Undergrad: 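I'd like to ask you about the structure that follows.
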Amino acid sequence: MESNAVVWFRKGLRIHDNPALDYACRGSSHIFPVFVLDPRYLHPDPSAFSLGSARAGLNRIRFLLDCLLDLDSSLRNLGSRLLVLKGHPEPASVICQILKDWNIRKLCYEFDTEPYGQARDRQVTDFASQLGIEVFSPVSHTLFDPAEVIKKNGGRPPLTYQSFVALAGKPPDPLAKTYSELPPVGNVGNVELLNIPTIEELGYKDIEQEEFSPFGGGESEALRRLKEVLKDKEWVANFEKPKGDPSAFWKPATTVLSPYLKFGCLSSRYFYHCLHSVYLTVGKHTSPPVSLVGQLLWREFFYTVAFGTPNFDQMRGNKICKQIPWKDDDKLLVAWREGRTGYPWIDAIMIQLKKWGWMHHLARHSVACFLTRGDLFIHWEKGRDVFERLLIDSDWAINNGNWLWLSCSAFFYQYHRIYSPISFGRKYDPDGKYIRHFLPVLKDMPNEYIYEPWTAPLSIQKKANCIIGKDYPRPVVVHDKANKECRKKMGEAYGKVGSVEEEDNVAASESTAKQKRKRRT
DNA sequence: AACGCTGTTGCGTAG
DNA sequence: ACTACGCAACAGCGT
């Protein structure tokens, strides 16, 4: 008797530790491993501010295509294949169609906590239940089920990392199952199957950019990279996130496993399990929040808060987000986005983002602080949009969580601690190797001036072939002045006195304090 | 209700 | 290279 199952891949682009795949195989005569290409994610959008689609920059599109090629190849090694479908008019309706066309009994896919995924999956589950099709959607993207953690906490997400860790406990083990063969693919009938497209086939032609992300996608690459990381047990055991060097780029100071976790090429449960095995073989190791396991728990923390907080990705209507009157200034925003702020450290990071789709965590902090509370006082949502598009690891919950953090809108509130766009980079890379690589226009600027080229005498600028104001921009703001103004505005937004001499502010802050008290009672 | 403690990753200076 | 301190001072949480 025929029993057909669909494995719907979205994230979770892997064979290992894949409960949806595992369940689909059980008792099924045929399985249909499906991926739906979403044109909005893939096809060129000329109106976007960078090369890419409406949703993603070219680096992430390329990364996704790598993932699909690798997944298809792994499935083929097991006697199956990836069925790539055209996502017209949208992915959910395509899935509904094949459930009927292929006489499906079981639909299996990994649970997705993002609002976009939730809405999409609701459509499909509603349809499937009308047809009496069994839907299996396990939580396997994260270590824990965000809904369960929230329930354990009395219905509200924990708002501090420590309380989250205390609540979370031990994550489940990864599935140990390996396959030698999968059930065969069933008859697809008249449904049109696509090849996994190349970048050129998608319509990206005459690409001028000369440097692309050095990180390739796919489960095989993820597992290779993981193995490489785990080989150096001392490094794993002694890892402390805040101590990493953000200017290291040929040999990054972190694992660069985030893009693989984002697409689910690497199972977070398997990663966690491997880290614990290393910890067992070494005597001493670092601990959360700074350790590698700690990093995985940060991911869980943000997933949980994001899942339990309405309007998590915006300021308005977001209960945990400080309401701050950010400035609207498109000129400054574009200068930041395009790496033209005149601060080489900031601009080099933004160029690395554009070219590589990845930069070190602390580099992200530098530019996020600069855009928001540090210098430009521009809305964190604008910066979030740029990261979301360009990062190969951009992840809805984590990206928004970190922008809330860095802008002192939630989780972190010490707005006097501002990253200097000059000295922060210099303490890691006094010779400016990082800047020279990503901003070659400054490659001959002497070390003395590489972080502040506008202070170089004209003779030096000429000798370095880089005239400030012509070949490289002057600073868009004066940091010493800008960061003082930002602190003042932050103070006002927090309902405190911005400066002592302004009586109005004192009165205003007292009245908001009163209102606060009133609201609480 | 007021207070102390804590918080992944600031800067500049002194020793 | 490393640590300690002043700077000026935040919110959340627990007592």
Side-chain angles (χ1 to χ4, degrees), chain A residues 153-154 156-167 238-248 252-255 258 285-302 305 309 318-324 343 345-346 349 359-370 372-375 398 401-430 451-452 479-480 482-484 486-500 509 512-514 516-521:
Chain A
N153 196 46
R156 267 188 297 273
L159 290 176
T160 66
Y161 180 79
Q162 297 301 349
S163 63
F164 171 82
V165 171
L167 215 63
N238 296 321
F239 183 90
E240 281 183 68
K241 186 65 164 281
K243 291 200 174 153
D245 175 359
S247 72
T254 53
T255 63
S258 53
H285 61 83
T286 52
S287 296
V290 297
S291 64
L292 280 175
V293 162
Q295 304 313 301
L296 276 176
L297 295 176
W298 278 105
R299 178 174 182 267
E300 299 293 315
F301 171 65
F302 285 130
V305 184
T309 307
N318 180 348
K319 276 197 176 133
I320 66 167
C321 182
K322 279 262 183 291
Q323 303 297 301
I324 295 166
Y343 287 92
W345 171 246
I346 299 298
I349 294 167
M359 62 291 204
H360 186 273
H361 186 65
L362 290 179
R364 301 180 192 200
H365 277 211
S366 274
V367 295
C369 180
F370 186 87
T372 57
R373 65 185 171 83
D375 289 86
I398 301 170
N402 276 310
W403 276 97
L404 284 162
W405 183 293
L406 257 297
S407 63
C408 283
S409 298
F411 309 118
F412 174 81
Y413 309 95
Q414 290 176 255
Y415 59 83
H416 285 276
R417 294 190 185 171
I418 290 170
Y419 292 88
S420 164
I422 298 153
S423 52
F424 184 73
R426 186 152 52 197
K427 85 179 163 204
Y428 297 99
D429 181 18
Y451 285 88
E452 308 167 88
H479 174 65
D480 282 343
N483 92 78
K484 279 198 186 78
C486 284
R487 288 178 212 220
K488 188 170 161 250
K489 282 188 249 181
M490 290 298 288
E492 287 163 6
Y494 273 38
K496 295 287 173 196
V497 186
S499 66
V500 219
S509 88
T512 50
K514 260 181 216 161
K516 253 187 175 173
R517 251 172 273 141
K518 243 187 198 167
R519 270 201 299 278
R520 268 199 290 265
T521 51

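None of the values given here were measured: they were computed from a predicted structure. Excluded from the calculations below are hydrogen atoms, water molecules and symmetry mates; all remaining heavy atoms, backbone and side chain alike, are included.
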Undergrad: Could you give the OH-to-P distance, from A:Tyr415 to C:dC7, as a whole number of Å?
TA: 17 Å

Undergrad: Between C:dC7 and B:dT8, how many Å separate the two P atoms, rounded to a whole number?
TA: 25 Å

Undergrad: Answer with yes or no whether A:Gln414 presents, from its side chain, a donor or acceptor under 3.5 Å of a partner atom in the base of B:dG7.
TA: yes

Undergrad: Counting only Watson-Crick or G-U wobble pairs whose two distances fall under 3.5 Å, which nucleotide matches B:dT8?
TA: none

Undergrad: Calculate the interatomic distance between A:Tyr413 atom OH and B:dT9 atom P; express it in whole Å.
TA: 14 Å

Undergrad: With heavy atoms under 4.0 Å as the rule, sort A:Glu240 into base, sugar-phosphate or nothing.
TA: nothing

Undergrad: Here's a test of your reading of the structure: between A:Lys243 and A:Thr160, which maps to the more 5' nucleotide of DNA chain C?
TA: A:Lys243

Undergrad: Taking any strand in view, what nucleotide pairs with C:dA9 in a Watson-Crick or G-U wobble way, both distances under 3.5 Å?
TA: none

Undergrad: How long is the span from the CE atom in A:Met359 to the OG1 atom in A:Thr254, to the nearest 0.5 Å?
TA: 12.0 Å

Undergrad: I want to verify a distance call: between B:dG10, B:dT8, B:dG12, whose nearest atom is closest to the A:Tyr419 side chain?
TA: B:dG10

Undergrad: Considering every strand and a 4.0 Å limit on heavy-atom distances, what is the contact class for A:Phe424: base, sugar-phosphate, or nothing?
TA: sugar-phosphate

Undergrad: Do any side-chain nitrogens or oxygens of A:Lys427 fall under 4.0 Å of OP1 or OP2 in B:dG12?
TA: no

Undergrad: For the pair made of CG in A:Leu167 and C1' in C:dC13, what is the distance, rounded to whole Å?
TA: 15 Å

Undergrad: Grab the CZ-P distance between A:Arg417 and C:dA11 for me, whole Å please.
TA: 14 Å

Undergrad: Would you call the rings of A:Phe411 and A:Phe301 parallel, tilted or perpendicular if under 30° counts as parallel and over 60° as perpendicular?
TA: perpendicular

Undergrad: Give the rounded distance in Å between these two atoms: CD1 of A:Ile320 and P of C:dA11.
TA: 15 Å

Undergrad: Can you label the angle between the A:Trp298 ring and the A:Tyr161 ring as parallel, tilted or perpendicular, going by 30° and 60°?
TA: parallel

Undergrad: Expressed as a whole number of angstroms, how long is the span from A:Tyr494:OH to C:dG12:C1'?
TA: 12 Å

Undergrad: Between A:Arg156 (CZ) and C:dG12 (P), how many Å, whole number?
TA: 13 Å

Undergrad: Please test A:Asp375 against A:His479 for side-chain hydrogen bond (donor to acceptor under 3.5 Å, both in side chains), starting from the C-alpha separation and ending with a verdict.
TA: CA-CA 6 Å; A:Asp375 289 86; A:His479 174 65; 2.6 Å; yes

Undergrad: With centres under 5.5 Å and planes under 30°, do A:Tyr161 and B:dT8 count as stacked?
TA: no

Undergrad: Might you confirm whether atom NZ of A:Lys319 has over 12 heavy atoms from other residues, nucleotides or ligands at distances under 6.0 Å?
TA: no

Undergrad: How far does the C1' atom of B:dT6 sit from the matching atom of C:dA9, given to the nearest Å?
TA: 14 Å

Undergrad: Please tell me which of the listed nucleotides, B:dC11, B:dG7, C:dA8, lies nearest to the side chain of A:Gln162?
TA: B:dG7

Undergrad: Could you point out which residue of A:Tyr451, A:Tyr419, A:Phe370 forms a side-chain contact (heavy atoms from CB on, under 4.5 Å) with A:Phe424?
TA: A:Tyr419

Undergrad: Measuring only the P atom in each nucleotide, how far is B:dG7 from C:dA8? A whole number of Å is fine.
TA: 24 Å

Undergrad: What integer distance in Å separates A:Leu406:CG from C:dC10:P?
TA: 20 Å

